[in-house]
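Have a look at the structure below before the remarks.
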Amino acid sequence: MLKLFFLFISCLTISSEAQTCPPDQHWVRAFFRRAYYRFDGTFVSASNVTAHCQNNPSGYEFWQPKIVPGRPEGWPHSTEVTKNWTEEEKERVLEALADLPDALKLQTLRSIFRMSKSVSKSDNPSTSAQGVVVLYDDAFSKKYKLAQVLAHELAHQIYRDLSKGEKQDYRTVTNWFGYEDENGRGKRAQRDSGYIADDGKESPEEDFANNVEYSLFGPKKLQKVTPHAYRWIHEHFGDKFKLKGSRK
Amino acid sequence: MKICGFLFFICFFSIACSSLPVHDRRLTLDEVESLEIGKVTKSEAVKKLGPAYREIKNASKTVLVFLDPTSGNHRASMTFDSRETLVGKLWQVNSGENEEQLDAVKARYSTAVFEMRDAEWTSHYEPSERYYIDRNVGIRITVDKFNKLVDSIGWSAPGDNGQVKALSSQIQ
């Protein structure tokens, strides 16, 4: 009995020691990692990851507290089901965020939540509201690059944070001209110079999020399809607005 | 010879300045308000406001787009039906103007009774637009609900004819 007690105590000691990591590292519990591709095409194979101290990716202190359980306050999609973050998903999100430029570290972004399925579109990987990003199952599937999904949602928040003058400037430069129709509905005249993604036709906000996303993940395509948006983003964010490697 | 050259330069400069497009002048909210929905024609609007920066046309309507000469940004849009009669107007409020404050705009249209509603969520994001609408008057104020500033003021034919007329006479 006494031996069992000591075994229990020593197990507790080992466990608590293991969770105390050196500075610049954090504790990762054991998990099964599914195979995935990083933003740059690097293949990460499936593996049983053992518990270990992991080097903090760039921006860890900023992003880690924002990955939270539960659901956003007043979330309008009441049928969307909240899901718990797995160790694997948290690590992948931190890695993906570390790949993004510092300009996307937004003080106005409060939380990143996890839910199972989007009600709006069957394969929608994510949704963005004021100060909030929600990631769905598809964000972690092979259909999407997680860093690209996150960049798009953070770009929505950037648009919300732009000053009135900046929004007007962006809309004029990218030929978004509002008008009132005969029934008193606000409309936007579509420009004729192309969209980097079809859903950009919905609104300047969606178009902006697509353009910021592509300025990071497909700059040559953006420059070709929507050069005025490419130039505006380049001038607004500067030369450092580029993807970076996630490992320190 | 030098004097002749100088005179030529002055003459040339004067001609160049006088031929600047009229849309380089600053439009006012009063001017836009004074254009009566359902009555003003496209040519009358152009005569009053000057040539548009852009004309966007489809089968059923034409939209004239006007820019602000200082910022170069969108300032106003006039929508005309297929008979070229004015059916909609939009005024884009600039930063720092009185009309940026919702209370100021409501006070300007004090006879209107506004109903508030938010733009519907699209596929995957929360839109920034919040509307204050009075259908009977035919007026719609668009506010950015995140920075609380008025983005634009729009007019269309009123649900109840006559009220918009009363409103525009009150403004003038």
Side-chain angles (χ1 to χ4, degrees), chain A residues 72 74-77 108 118-121 123-134 136 149 152-153 155-157 159-173 175-192 199 202-206 208-209, chain B residues 37-38 53-54 56 58 60-61 63-68 71-81 85 87-96 100 119 121-129 131 133-135 138-140 142 144-147 149-159:
Chain A
W75 192 241
H77 310 309
T108 47
S118 164
V119 290
S120 55
K121 269 197 311 191
D123 63 345
N124 179 25
S126 53
T127 297
S128 161
Q130 174 66 329
V132 165
V133 167
V134 171
Y136 302 105
V149 168
H152 179 95
E153 298 310 330
H156 274 293
Q157 187 60 40
Y159 189 83
R160 292 185 196 104
D161 295 343
L162 290 178
S163 71
K164 184 190 177 77
E166 287 170 331
K167 281 180 189 169
Q168 284 181 334
D169 189 43
Y170 174 80
R171 292 193 305 232
T172 304
V173 164
N175 290 328
W176 278 101
F177 297 115
Y179 66 91
E180 200 78 358
D181 78 358
E182 64 277 22
N183 298 311
R185 290 174 302 204
K187 300 274 184 179
R188 300 272 181 195
Q190 284 188 4
R191 64 171 181 266
D192 48 14
D199 63 357
E202 282 176 17
S203 66
E205 292 179 56
E206 190 59 39
F208 179 86
Chain B
I37 301 271
Y53 161 73
R54 185 167 289 183
I56 301 161
N58 68 22
S60 62
K61 63 172 81 71
V63 178
L64 297 184
V65 174
F66 297 85
L67 301 188
D68 181 276
S71 65
N73 287 337
H74 182 208
R75 188 50 148 161
S77 294
M78 302 293 136
T79 311
F80 301 88
D81 63 13
T85 305
V87 291
K89 305 183 283 184
L90 185 106
W91 175 255
Q92 199 73 46
V93 177
N94 277 345
S95 298
E100 220 178 25
W121 280 58
T122 57
S123 59
H124 72 282
Y125 72 93
E126 180 185 14
S128 57
E129 290 97 353
Y131 306 117
I133 303 167
D134 185 335
R135 292 257 176 246
I139 188 166
R140 189 175 65 99
T142 303
D144 185 324
K145 69 180 179 186
F146 301 122
N147 63 24
L149 299 173
V150 173
D151 182 68
S152 62
I153 307 167
W155 298 265
S156 57

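The figures here come from the full heavy-atom set of this structure, side chains too, leaving out hydrogens, waters and symmetry mates. None of these values were measured; they are calculated from a predicted model. Convention: sequence-line order gives letters A, B, ...; per-chain numbering from 1.
Smallest separation of non-hydrogen atoms from G178(A) and S77(B): O-OG, 2.6 Å. Nearest heavy atom pair, residue H124(B) against residue D199(A), reads CE1-OD2, 4.2 Å. Between S128(A) and W121(B), the shortest heavy-atom distance links the atoms O-CZ3, 4.0 Å.
With a 4.5 angstrom heavy-atom cutoff, K61(B) touches chain A only via side-chain atoms. Looking at P125(A), neither its backbone nor its side chain comes within 4.5 Å of chain B, counting heavy atoms on both sides. Interface remark: N73(B) contributes backbone and side-chain atoms alike to the contact with chain A (heavy atom separation under 4.5 Å). Neither the backbone nor the side chain of D81(B) comes within contact range of chain A, judged by heavy atoms closer than 4.5 Å. When heavy atoms are compared at a cutoff of 4.5 Å, S95(B) approaches chain A by way of both its backbone and its side chain.
S156(B) places no side-chain N or O within donor-acceptor distance of the main-chain N or O of N183(A), the cut-off being under 3.5 Å.
Residues passing the side chain to side chain donor-acceptor pair (under 3.5 Å) test with K145(B) are E126(B), sequence neighbours excluded. Contacts of Q168(A) classified as side chain to side chain donor-acceptor pair (under 3.5 Å), with partners at least two apart in sequence or in another chain: none.
By number of non-hydrogen pairs under 4.5 angstrom with chain A, the leading residue of P127(B), G38(B), S60(B), S71(B) is P127(B). Of the listed residues (R54(B), M78(B), K89(B), E129(B)), the greatest number of heavy-atom pairs within a distance under 4.5 Å of chain A belongs to R54(B). Most heavy-atom pairs under 4.5 Å with chain A: of the set L149(B), T142(B), D151(B), this distinction falls to D151(B).
Put simply, CG on N94(B) and NZ on K164(A) are 7.5 Å apart, with the number rounded to the nearest 0.5 Å. Taken from CZ in R171(A) to CD in Q92(B), the straight-line distance is 5.0 Å, to the nearest 0.5 Å. Atom CZ of R185(A) and atom CD1 of I133(B) lie 11.5 Å apart (nearest 0.5 Å).
You'll find the side chain of Y179(A) stays beyond 4.5 Å of the side chain of I56(B), heavy atoms only. Counting only heavy atoms from C-beta outward, the side chains of L162(A) and F146(B) never approach each other to under 4.5 Å.
Between D144(B) and K167(A) there is a salt bridge, with a side-chain nitrogen of the basic residue lying less than 4.0 Å from a carboxylate oxygen of the acidic one.
By the 30° and 60° cut-offs, the orientation of the rings of H156(A) relative to Y125(B) is parallel.
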